[in-house]
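To find a chain, count down the sequence lines: A is the first, B the second, and so on, and within it residues start at 1. Values below: all heavy atoms of this structure, side chains included; hydrogens, waters and symmetry mates excluded.
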Amino acid sequence: MKLADVIVDVASACLESMYTYRVNDTFDQGDYQLEVGCVVMVPLGARSVLGFVARVYTADTCACPVKRLRSIQRVCSQPYFTELQLQCAYYMARYYIAPLSACIRLFMPPGGVGKVVRAPHGEPVAGGAPTPVPVAGGTPVVPGEECVVDGARDGASVLATPPVLSIDTTLPSAPAPAPSRAWIYRGPVMHAQQDTWLEITPEGAAYAPPRNAHRQSALLDALRAGPLLLSELALQFDRATSTVNSLVKKGFITKTVQAHSYALSNVNQPHYTRPFQLNEHQHAAISCITQCMDSACGQAVVVDGVTGSGKTEVYLEAIAHCLQAGKNAIVLVPEISLTPQTVARFRGRFGNMVALLHSRLTTKERFEQWQSIYQHHARVVVGARSALFCPLRDIGLIIIDEEHVETYKQEAAPRYHARDVAWWMAQQTAATLVLGSATPSLETLEAVKRENWHHVKLATRANGAPMPPITVVDMAAEFGGGSRSMFSRTLQQALVHTLQHNHKAVLMLNQRGFARFVLCRDCGYTPECTHCSTKLTFHEVNHRLMCHHCGYSAPLPAVCPVCKSPYLKKFGAGTQRVEAELRSFLSQQIELTYEVPVVRMDADTTSARYAHERLLDEFASFETGAVLLGTQMIAKGLDFKDVTLVGIINADTTLNLPDYRSHERTFNLIEQVAGRAGRDVLPGRVILQTYNPHVLPIQAAAHYDRSAFITGELEKRRQFGYPPFTSCVNILAWGAQKEATRHALEQFRVVLMDHLASKGCTTWWVSDVLACVLEKVREIYRFHIFIKAPREAAVSAVLYELVRKRKTVAGVNIAIDVDPLSVM
DNA sequence: AGCACGCCGACT
DNA sequence: GTCGGCGTGCTC
């Protein structure tokens, strides 16, 4: 008996998602071989669903407790994941307490795998005999193509229905046993293309078409030079298809259909040279990585280097070594740094072997890149977090650049961290994991100690340029000294000086937790969003109050809606306001002989596709001095030789967020931005404005003293029981009804406490049910429970059981976030 | 008795 | 997640 284990694609944490199905010997539907990794259509209860094949085997008996196995209805795709990737999905499902189907879905091609829908009422349903599937051998599934399958249960349950005893034919008889509604498979939006090749036959070569058959003769002439694609001919000839068909019918040309090859276009000719002479630190880093790769036992290397220390060169060398050894490489880069500049460095070196996967591509573009990997054309994949799940085989090297950034953690199920999944993969495949950062996360530094990860330092900038000195300006003292400007006198002088020399400046406004808001001076009222528990942000351009979470906007009221006071004051500084003040300040400086260009980069100006790149290009293009003003998005990947001044307008707004990582985030941000100044021969300087000049993250950052920061921060984490000294879990509940949501989470907490007690988890610390800092977002109320467990506790295993047993509450969602990065 | 509705458990 | 079974309770 041929069987297959199938992970049904049904999003439910409570459902055991793996089932065994029979594989019919007479199985002939669809046109794909049944293998591990295939998408299949299977019956489940009264409906049909899609599933993913996890195992194909032959057995006489089945371990599962069912009397009668049901059969797979159709194989819908080629295999999309390997045995190893399947294991990875199991690991993620267990560790992150996520539905297995959600984990395996990560490996599916962009555009998805289609869906099964219920046929509309009255749809003719095939009885008994298998419905012929409108698929010819070798034809791929196309969107909208339908595979109709009888919805009735096979045999048993239909027969089990009691016979109708009534002989009164005027009354409607008992409801028919489960009216068979058909289930229809609809192929995905994206599907692999087919190429139609045309070739001339010997008869065709000898054939001279009649004088009036212009199209036929032209077409045959074109084909005499060699085979051509129908799509190419169609561009050149009108009505090519009909001409082709008539010639095919007469036997003068042949038509062959082939799977389209998604080879990557050779945009840049690769030049396999080293663009720079590498310094000794880079050599040391490279040899450490190559040794790890050669020993092939799954090791990790932390490449710890300031911005400009040449990490990318190290990556390129490591990849080159990996390719030479016949293995392939994945490079993960934060979404924001996936600029054409970054991509060009990889393409410049590895040419058309580089595939690119990130969210700003259209689905079609992503699909093409994915196919190029699937068809083995790509050997280096550069992409965001999810590129980890691309179908690249023989992975020898995984590089995670800017390892510390929080975007590597997915904020929806499965709530995985790319670094941790990559480490699992590296260990399983004996690949080497490289983690690059100027400010490695505390978790990574902990792993260096506990897991014996290698730690190499690129102490200096690659070109020997010193890190720019940082001047801390106490804004409280400035304010006390009579200045009301958001630019301190130190920053003003430095700006003028920089621009006088035709150098460029970067100003960063740390906007997180510091948007512009309105306050009534008489009663203290602040307008809040009616859909979210956030203060509304004032926008200068349209003079409206806007919510950054749901997009709600309202006009700025003339008087306070509560006390009717006309004294509504605008507090804080948005980028627009800073831009206005900056322009006005610059225009008053008589020392500046030209109008200084100001480029503003924030969420508003970068929303359009490629706007980010365009603004950076614009900034780079100025021959005179210029100012780039932006939010934290300017902290990354910006590399301009003539930037000599970096100003951080408000360094400390991230300090006071109610989140245990806020100090680490602040420190990292300062380090990252500071590195933007003086990257070349021109010396740079950094001016850091703050109201908290003496706190550790600011002081340590100002002196580039990371070890002081880490020592202090670790001590604090140990004292308050935060990672890496504990394992944390955040349990989040959300729903449209506030009290029902809170109540559901409180019920969950009761069950949780019982469960922990029964497991002997007495040392776990479990918070009360708390309203999230962002209590309401888009009319949805949010509550959470925070758990701190001993570091060595099997947190996931303990909670997994609980989640599997838990009863769901209508209208309330509960999510488990293992190792949360944000608890807002 | 007949029907509407809502909860609960199965789903291979 | 979705479906159907079955129990409860209301109405004719």
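Going from atom CZ of A/Phe52 over to atom P of B/dT12 covers 18 Å, rounded to whole Å. Between A/Leu44 atom CG and B/dG9 atom P the separation is 18 Å, expressed in whole Å. Rounded to a whole Å, the CG atom of A/Leu50 is 14 Å from the C1' atom of C/dG1. What separates OH of A/Tyr21 from P of B/dC11 is a distance of 11 Å, to the nearest Å. Taking atom CE of A/Met18 as the reference point, atom P of B/dA10 lies 20 Å away to the nearest angstrom. Look at CZ on A/Arg804: it is 13 Å from P on B/dA10, rounded to the nearest Å. Taking atom CG on A/Leu3 and atom P on B/dT12, their separation rounds to 15 Å, with Å as the unit. In this structure, A/Asp9 atom CG and B/dC11 atom P are separated by 20 Å, rounded to whole Å.
Which of B/dT12, C/dG1, C/dC3 sits closest to the side chain of A/Val10 comes down to C/dG1.
Side-chain atoms of A/Arg47 come within donor-acceptor range of the base of C/dG1, with a qualifying N/O pair under 3.5 Å.
Under the 3.5 Å distance criterion, the side-chain polar atoms of A/Tyr262 are matched with a main-chain donor or acceptor of A/Gln193. Checked by atom type and distance alone, the side chain of A/Lys115 never pairs as donor or acceptor with a backbone atom of A/Leu50 at under 3.5 Å. Between the side chain of A/Lys776 and the backbone N or O of A/Thr530, at least one donor-acceptor pair lies under 3.5 Å.
Side-chain rings of A/Phe389 and A/Tyr416 approach one another, their centers coming within less than 6.0 Å.
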